[in-house]
Student: 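What follows is a single structure, and I will ask about it in a moment.
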There are 2 protein chains.
Amino acid sequence: MVMMASRGETRAQVLQTASSLFSRQGFHATGVTQVLAEADAPKGSLYFHFPGGKEQLAAEAVSVGAGELGQVIDTLIERAPDPASAITAMADLLVARLEGSDFADGCPIATVALDAGADSTPIRAACRAGYDQWLASIAGYFAGLGVSAETASELALLALSSLEGALLLAKTRRDTAPLHRVADRIAALITQEVAA
Amino acid sequence: MVMMASRGETRAQVLQTASSLFSRQGFHATGVTQVLAEADAPKGSLYFHFPGGKEQLAAEAVSVGAGELGQVIDTLIERAPDPASAITAMADLLVARLEGSDFADGCPIATVALDAGADSTPIRAACRAGYDQWLASIAGYFAGLGVSAETASELALLALSSLEGALLLAKTRRDTAPLHRVADRIAALITQEVAA
DNA sequence: ACCATATTATAGAGACCGGTCTAGCGAGTT
DNA sequence: AACTCGCTAGACCGGTCTCTATAATATGGT
């Protein structure tokens with residue numbers, strides 16, 4: 001007579017673990033066995049909670065990870081006194097994640113997007129939705145500062161692209177300097193653009 | 001009586017195929033069987049040419065891919081009449097690669113770097129070397145235009161980061177617009193910076 | 001209070017493919 | 001002819017994702 005976990009609890013735990021592992025290792029490097037083991041979840045329950053199998057698990061995991069980081073970004077932006085601070089705050093967040101995880105935790109979307117986005121439409125859709133959510137947050141912030149909607153969306157795209165690229169270089173070099181340097185330049189550019 | 005490929009030919013062919021496949025699919029999603037099959041290379045000869053196995057193959061494949069794209073970049077830069085053209089030429093190159101491959105061919109380093117860089121030191125070293133080579137090319141170009149060495153290297157970092165990030169978003173959205181928008185902004189910024 | 005039934009959850013095995021290695025075949029040379 | 005060297009086919013072990021048969025809990029009628 002073995003206790004069963006209560007409804008929904010196991011699913012959430014698996015999803016949380018999956019989000020972390022997929023984010024660090026990518027789709028193909030992460031096995032469902034590893035996810036279930038680290039989540040202390042029973043081996044066989046995967047296909048009950050996620051009938052779509054590994055693909056569904058990954059898609060939902062990306063959504064969870066993107067949503068969580070999105071909320072942190074929203075908070076950061078809210079508290080930023082000016083656009084330059086908003087950019088550097090986001091960069092500092094990424095730096096802290098890198099340093100706090102021996103350069104394992106980067107962007108919760110990027111690795112999966114590159115590694116599985118080409119093969120799986122649902123996964124790519126989840127990645128795209130995550131990025132769109134972030135872009136909307138950042139663009140909304142800029143728009144609130146008085147720039148046109150189109151400019152706001154372009155600056156958001158520029159900011160996110162630069163940070164993602166810098167994050168990629170930082171991970172590859174195991175050095176957070178690219179993140180700092182790029183963020184400073186982009187912050188200056190955006191300050192100038194918002195002032196105009 | 002079966003003909004054997006002449007010395008070195010098979011190795012180069014395998015390396016070329018591996019470069020293409022790892023670049024598109026990443027490390028863990030690409031099997032050595034697939035590489036050898038697509039290269040029309042005998043199954044067993046992998047460990048003769050690459051005693052380090054899949055890891056060595058991937059590291060060398062990244063070097064090859066990075067070197068080839070690096071040469072293209074060098075040519076592009078050489079022929080650019082001004083720094084803005086250099087940036088947009090690089091972006092156009094990436095756009096052409098995406099469009100010519102149904103969004104499969106992006107950066108020959110990025111996917112492998114994120115997907116295997118954390119696990120394998122040799123692979124990460126190859127990725128890093130590739131990026132460093134590109135950065136040196138771009139920074140050298142800027143330095144030749146009269147800006148200080150430090151500024152040149154910072155602008156190169158900014159340009160590469162932005163393009164890599166925009167490429168990631170473009171692949172995820174299957175839309176080259178991010179690449180165009182980001183390149184235009186960065187080109188303007190760099191023009192302004194070089195003029196100063 | 002009791003049992004039948006539907007729902008929720010799980011263990012373990014099945015089918016398959018991964019990278020790796022070793023024993024042996026081809027060709028060129030003495 | 002015999003020997004060496006370059007090269008390769010095929011099998012090995014381990015791990016992958018997936019599925020089905022079964023256990024545990026909740027529900028509702030009598």
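Sequence lines set the chain letters: A, B, ... in the order given, protein chains first and strands last, and positions in each chain run from 1.
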Student: Taking atom CD of B:Q34 as the centre, does the number of heavy atoms from other residues, nucleotides or ligands within less than 6.0 Å exceed 12?
Tutor: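 For B:Q34, atom CD is crowded (more than 12 foreign heavy atoms under 6.0 Å).
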Student: Give me, pair by pair, the N or O atoms of the protein and of nucleotides 14-19 of chain C that are less than 3.5 Å apart, along with how far apart they are.
Tutor:
unit_1: C:dG19; atom_1: OP1; unit_2: B:T30; atom_2: O; d: 3.4
unit_1: C:dG19; atom_1: OP1; unit_2: B:V32; atom_2: N; d: 3.0
unit_1: C:dG19; atom_1: OP1; unit_2: B:K54; atom_2: NZ; d: 3.1
unit_1: C:dG19; atom_1: OP2; unit_2: B:V32; atom_2: N; d: 2.9

Student: Check A:D102 with A:R174, please: is the shortest side-chain N to carboxylate O separation under 4.0 Å?
Tutor: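 Yes, A:R174 and A:D102 are salt-bridged.
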Student: Which residues satisfy the salt bridge (charged side-chain N to carboxylate O under 4.0 Å, His left out) test with B:R97, sequence neighbours excluded?
Tutor: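 Checked B:R97 against salt bridge (charged side-chain N to carboxylate O under 4.0 Å, His left out); zero matches.
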Student: To the nearest Å, how far apart are B:H49 NE2 and D:dA9 P?
Tutor: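 Those two atoms, NE2 and P, are 11 Å apart.
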Student: What integer distance in Å separates A:L36:CG from D:dT16:C1'?
Tutor: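 After rounding, the gap between these two atoms is 13 Å.
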Student: Find the distance B:F50:CZ to D:dC7:C1' and express it as a whole number of Å.
Tutor: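 Computing the B:F50:CZ to D:dC7:C1' distance gives 14 Å.
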Student: Would you mind reading off the distance between A:L46 atom CG and C:dG12 atom P, rounded to a whole angstrom?
Tutor: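 Distance, rounded to whole Å: 16 Å.
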Student: Return a table of donor-acceptor pairs under 3.5 angstrom between the side chains of residues 159-167 of chain A and protein atoms on other chains or two or more places apart.
Tutor:
unit_1: A:S161; atom_1: OG; unit_2: A:L157; atom_2: O; d: 2.9
unit_1: A:S162; atom_1: OG; unit_2: A:L158; atom_2: O; d: 2.7
unit_1: A:S162; atom_1: OG; unit_2: B:S162; atom_2: OG; d: 3.4

Student: Below 4.0 angstrom, which residues in residues 57-65 of chain A have at least one non-hydrogen atom near DNA chain C?
Tutor: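 Close to the strand, none.
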Student: Check salt bridge (charged side-chain N to carboxylate O under 4.0 Å, His left out) between A:R185 and all other residues, then give those that pass, not counting sequence neighbours.
Tutor: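 Partners of A:R185 by the salt bridge (charged side-chain N to carboxylate O under 4.0 Å, His left out) criterion, ordered by chain and then number, come out as B:E154, B:E193.
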Student: Check whether any side-chain N or O of A:S45 sits under 4.0 Å from OP1 or OP2 of C:dT10, and answer yes or no.
Tutor: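 The answer is yes; a side-chain N or O of A:S45 sits under 4.0 Å from OP1 or OP2.
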Student: Holding to salt bridge (charged side-chain N to carboxylate O under 4.0 Å, His left out), I want the full list of residues that pass it with A:R24, two or more places apart in sequence or in another chain.
Tutor: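 Testing A:R24 for salt bridge (charged side-chain N to carboxylate O under 4.0 Å, His left out), a comparison that skips the adjacent residues, returns A:D105.
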Student: Report the distance from atom CZ of A:F48 to atom C1' of D:dA23, rounded to the nearest whole Å.
Tutor: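 Answer to the nearest Å: 13 Å.
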Student: Please give, in whole Å, the distance from C:dT10 P to A:D40 CG?
Tutor: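 A:D40 atom CG is separated from C:dT10 atom P by 12 Å.
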Student: Give me the one residue out of A:V72, A:T88, A:T75 that meets side-chain contact (heavy atoms from CB on, under 4.5 Å) with A:L93.
Tutor: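 Exactly one candidate clears the test, A:V72.
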Student: May I ask you to say whether A:E60 pairs ionically with A:R11, meaning some side-chain N is under 4.0 Å from a carboxylate O?
Tutor: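 Counted as a salt bridge, because a side-chain N and a carboxylate O are separated by less than 4.0 Å.
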